[in-house]
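Quantities reported herein were computed from a predicted structural model and do not represent experimental measurements.
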Amino acid sequence: MTVIYGLLALGLGASAGLAALVVGELRWEARNRLPRCTTCGEQHHRHAAHR
């Protein structure tokens with residue numbers, strides 16, 4: 001019975017680590033993506049001049 005609990009704990013730890021990696025990767029992609037402008041609707045840097 002303790003072997004089953006050990007494997008269950010190992011599986012939960014592995015799934016938590018994988019979830020943390022996926023969340024970190026999603027945050028990295030969201031941070032590096034160009035934001036959509038609220039003035040013109042295009043994607044460019046935040047402080048782009050609208051001429």
Side-chain angles (χ1 to χ4, degrees):
M1 198 66 165
T2 57
V3 173
I4 294 174
Y5 287 140
L7 290 174
L8 181 63
L10 186 65
L12 287 175
S15 63
L18 187 61
L21 287 174
V22 168
V23 167
E25 183 68 24
L26 289 176
R27 290 183 68 206
W28 176 262
E29 288 179 7
R31 189 179 345 152
N32 290 337
R33 189 182 67 236
L34 287 177
R36 186 168 296 277
C37 180
T38 57
T39 304
C40 64
E42 295 181 7
Q43 288 185 342
H44 54 73
H45 295 285
R46 294 187 191 281
H47 301 292
H50 292 101
R51 300 178 190 210

Output side-chain donor-acceptor pairs under 3.5 Å for residues 2-13, partner residues at least two apart or in another chain, one line each.
none

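- In this structure E42 satisfies the side-chain contact (heavy atoms from CB on, under 4.5 Å) test together with C40, H44, sequence neighbours excluded.
- Not counting sequence neighbours, T38 has no partner by the side-chain contact (heavy atoms from CB on, under 4.5 Å) test.
- Membership of the apolar cluster around L26 extends to V22, as traced through chained side-chain contacts below 4.5 Å between ILVMFWY residues.
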